[in-house]
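The next block holds one structure in the form of structure tokens; read it before the comments.
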Protein chains: 2
Amino acid sequence: MDLSIAIRNGNGKPRYQALADELRAEILRGDYPDPAQFPTESILCARYGVSRFTVREALRSLQSEGLIQRRRGSGTVVQPAAARGGALHQPLSNVGEILQYARDSSYVFEPMGTTPLPRKLSVHIGDASGGRWHHFRGLRTRQGEQGPIALTDTYIHPDLAAAARQIRPNEDPVFRQLERLAGLRIARITQDIQAVSASAPVAAALDVPRRSPCLRILRCFVDPSDRIFEISASHHPGDRFAYAMHIEADK
Amino acid sequence: MDLSIAIRNGNGKPRYQALADELRAEILRGDYPDPAQFPTESILCARYGVSRFTVREALRSLQSEGLIQRRRGSGTVVQPAAARGGALHQPLSNVGEILQYARDSSYVFEPMGTTPLPRKLSVHIGDASGGRWHHFRGLRTRQGEQGPIALTDTYIHPDLAAAARQIRPNEDPVFRQLERLAGLRIARITQDIQAVSASAPVAAALDVPRRSPCLRILRCFVDPSDRIFEISASHHPGDRFAYAMHIEADK
DNA sequence: TAGTGGTCTAGACCACATT
DNA sequence: ATGTGGTCTAGACCACTAA
């Protein structure tokens with residue numbers, strides 16, 4: 001009677017990740033109108049024919065994304081969408097979500113040629129190579145908003161110039177295209193959040209008054225060898241954007 | 001010859017957490033001048049007489065705190081302090097770190113009596129009870145800075161008024177004192193980061209010009225039953241404070 | 001090829017919440 | 001008393017890196 005597609009390992013994806021994807025889709029689809037009706041670990045083990053380890057790894061992902069909450073003795077409940085943040089929020093807990101965050105917003109960008117890394121950024125990462133980085137500039141908009149929610153400047157390391165030239169606007173995010181074109185993997189992202197005043201060009205692009213407060217997010221994309229291959233600087237209008245996150249307690 | 005205090009379970013603390021505490025102390029103490037000299041999983045298993053599960057749980061904590069990086073095939077290396085963020089940074093990945101973040105800064109606060117929750121906050125959490133919350137106000141300063149790095153307003157839920165009256169300034173953070181005084185546990189924190197203009201009182205307290213950009217962090221402290229028992233609103237001067245974080249890649 | 005960390009199994013005992 | 005999720009063991013196989 002069990003028609004569920006068994007969680008296999010054929011595609012190369014770990015089982016716990018495939019299981020997490022499956023359960024995440026169910027939750028976002030609204031399959032659990034009653035939050036307490038989420039299956040227990042033992043049920044998931046039986047239903048998908050995997051060990052408890054695999055189930056727990058999958059649920060750990062969902063918990064870190066804020067989709068479920070777990071309590072010893074009681075069980076697992078899905079977190080109501082209302083508690084997951086309001087309209088202008090961007091909850092992020094892993095690289096996958098940075099991609100997925102494009103869900104209900106759209107991003108268009110265009111190539112700006114090559115340039116030395118702006119001084120603020122080169123100081124920030126301690127880069128003194130002085131090479132020319134490929135530069136892209138983009139705007140993120142959200143339906144129902146009266147203006148863009150982000151202006152993003154993206155810089156690609158000089159060593160990846162060949163791949164950078166093949167990047168096409170309006171498809172995947174820049175770092176995903178880079179992964180594919182240059183055959184590299186992203187290991188982690190470091191992020192720096194600061195409040196700044198809108199400079200004239202930023203204010204114009206975001207359609208906000210000059211000097212109005214902006215959230216600036218500096219991201220460094222790092223490969224497994226600790227090389228920074230991409231840097232992005234995003235400016236978000238203070239009144240149209242909030243960065244939401246949740247932090248689990250130590251047990 | 002092994003004089004290491006065995007990782008026990010007597011104190012009630014899980015073994016993996018005791019191990020993480022031990023290794024974290026070693027790293028912060030500078031016991032690994034050569035970052036690559038960090039022990040492998042099998043060495044840690046043998047040295048502390050625990051299973052690989054326990055070791056990996058401990059290392060998972062340290063990795064989420066950005067203290068170590070791990071690579072299949074190569075090994076585990078401690079993350080050089082330089083790569084963990086510069087002077088004004090506050091890296092946070094769990095509740096423990098929010099406490100620990102007091103490391104090289106000092107925080108003083110004073111009671112401000114009781115007040116209805118400010119409208120901005122009550123709207124944010126959807127609270128319409130209208131009760132009077134205990135209010136504390138504090139300043140965080142950092143040695144070597146020419147001004148405070150945070151102005152924090154903390155509000156305690158009316159139900160905890162009895163405990164709130166016993167809170168003493170200049171000791172533990174408010175939420176730690178609440179845990180002790182009211183016998184509650186904190187399950188998680190939700191956080192909202194936004195850029196705002198300094199209002200007159202905020203500007204005066206932070207010693208910055210009026211309307212200068214500020215990072216505002218709204219925190220809701222939630223108990224295991226999903227009740228918000230504390231809310232805090234922190235304002236950080238844009239030019240003296242950055243919020244740093246790191247995000248691991250999906251495997 | 002040897003050794004690393006990543007995934008996975010099948011068990012076990014426990015603290016805790018609910019019945 | 002039952003069942004939940006949290007901790008922990010002892011194995012195993014694998015993908016990957018480095019020598």
Side-chain angles (χ1 to χ4, degrees), chain A residues 6-21 23 35-46 48-64 68-78 183-185 187-188 223-226 248-251, chain B residues 6-21 23 35-46 48-64 68-78 183-185 187-188 223-226 248-251:
Chain A
I7 298 295
R8 292 180 232 282
N9 222 343
N11 38 11
K13 180 180 290 192
R15 292 185 189 179
Y16 72 87
Q17 224 176 88
L19 178 53
D21 292 344
L23 295 173
Q37 134 198 25
F38 196 84
T40 67
E41 292 184 358
S42 58
I43 290 179
L44 290 172
C45 289
Y48 293 100
V50 296
S51 74
R52 215 180 140 203
F53 169 89
T54 303
V55 166
R56 286 180 62 79
E57 283 298 305
L59 296 185
R60 197 199 288 256
S61 297
L62 301 185
Q63 183 166 24
S64 90
I68 59 174
Q69 291 296 329
R70 326 193 65 207
R71 280 173 71 196
R72 164 158 49 183
S74 320
T76 299
V77 297
V78 325
L184 54 79
R185 282 192 316 114
R188 63 183 193 281
D223 81 356
S225 304
D226 278 346
E248 296 297 318
D250 324 299
K251 309 290 169 44
Chain B
I7 298 294
R8 291 180 233 283
N9 222 343
N11 38 11
K13 182 180 287 189
R15 291 184 190 180
Y16 73 87
Q17 224 175 85
L19 178 54
D21 292 344
L23 296 173
Q37 140 199 18
F38 195 84
T40 66
E41 291 184 0
S42 57
I43 290 179
L44 290 172
C45 288
Y48 293 99
V50 295
S51 75
R52 213 178 144 206
F53 169 89
T54 303
V55 166
R56 286 179 61 79
E57 284 297 306
L59 296 185
R60 196 200 286 256
S61 297
L62 300 184
Q63 184 166 24
S64 91
I68 59 173
Q69 292 296 330
R70 326 194 63 207
R71 279 174 71 197
R72 166 160 43 187
S74 319
T76 299
V77 298
V78 324
L184 53 79
R185 283 191 314 115
R188 63 182 192 283
D223 80 357
S225 304
D226 277 348
E248 297 297 318
D250 323 299
K251 311 289 170 41

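A, B, ... follow the sequence lines: proteins, then strands. Residue 1 opens every chain.
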In whole angstrom, give the distance that lies between atom [atom1] of [X] and atom [atom2] of [N].
X        : N      : atom1 : atom2 : result
A/Leu59  : C/dC8  : CG    : C1'   : 15 Å
A/Tyr16  : D/dC14 : OH    : C1'   : 14 Å
B/Phe38  : C/dT4  : CZ    : C1'   : 14 Å
A/Glu41  : C/dA10 : CD    : P     : 15 Å
A/Arg185 : C/dG5  : CZ    : C1'   : 12 Å
B/Leu44  : C/dT4  : CG    : P     : 11 Å
B/Arg52  : C/dT9  : CZ    : C1'   : 13 Å
B/Phe53  : C/dT9  : CZ    : P     : 15 Å

Residue list, side chain to side chain donor-acceptor pair (under 3.5 Å) with [X], at least two apart or on another chain:
X       : value
A/Glu41 : A/Arg52, A/Arg56, A/Arg70
A/Ser42 : A/Thr40
A/Arg72 : none

Worksheet item: Can you find a side chain N or O atom of A/Thr40 that sits less than 4.0 Å from OP1 or OP2 on D/dT4?
Response: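 Answer is yes, contact under 4.0 Å.
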
Fill in: Below 4.0 Å: OP1/OP2 of C/dG5 and any side-chain N or O of B/Arg56
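No, outside the criterion.
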
Discussion item. Just to be sure I understand the geometry, which residues of residues 69-77 of chain B put a non-hydrogen atom under 4.0 Å away from DNA chain D?
Written reply: B/Arg72, B/Gly73, B/Ser74

Worksheet item: Taking all atoms of both residues into account, what is the closest heavy-atom pair of B/Leu19 and B/Thr54, and its distance?
Response: CD2-O, 4.4 Å

Worksheet item: Can you name the closest pair of heavy atoms from A/Ser61 and A/Ala20 and give their distance?
Response: CB-CB, 4.3 Å

Fill in: Consecutive Watson-Crick or G-U pairs in runs of at least 3, all under 3.5 Å, in which DNA chain C is involved
C:1-18 with D:1-18

Worksheet entry | Atom pair CG (B/Leu44) and CG (B/Leu59), whose distance is rounded to the nearest 0.5 Å | 6.0 Å

Worksheet entry | A/Ile68 side, atom CD1; A/Thr76 side, atom OG1 - distance, nearest 0.5 Å |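 A/Ile68 CD1 to A/Thr76 OG1: 5.5 Å, rounded to 0.5 Å.
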
Worksheet entry | All side-chain contact (heavy atoms from CB on, under 4.5 Å) counterparts of B/Ser74, not counting sequence neighbours |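 Per chain and number, B/Ser74 pairs via side-chain contact (heavy atoms from CB on, under 4.5 Å) with B/Arg71.
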
Worksheet item: With a 4.5 Å heavy-atom cut-off, do A/Phe38 and A/Ile43 have their side chains touching?
Response: no

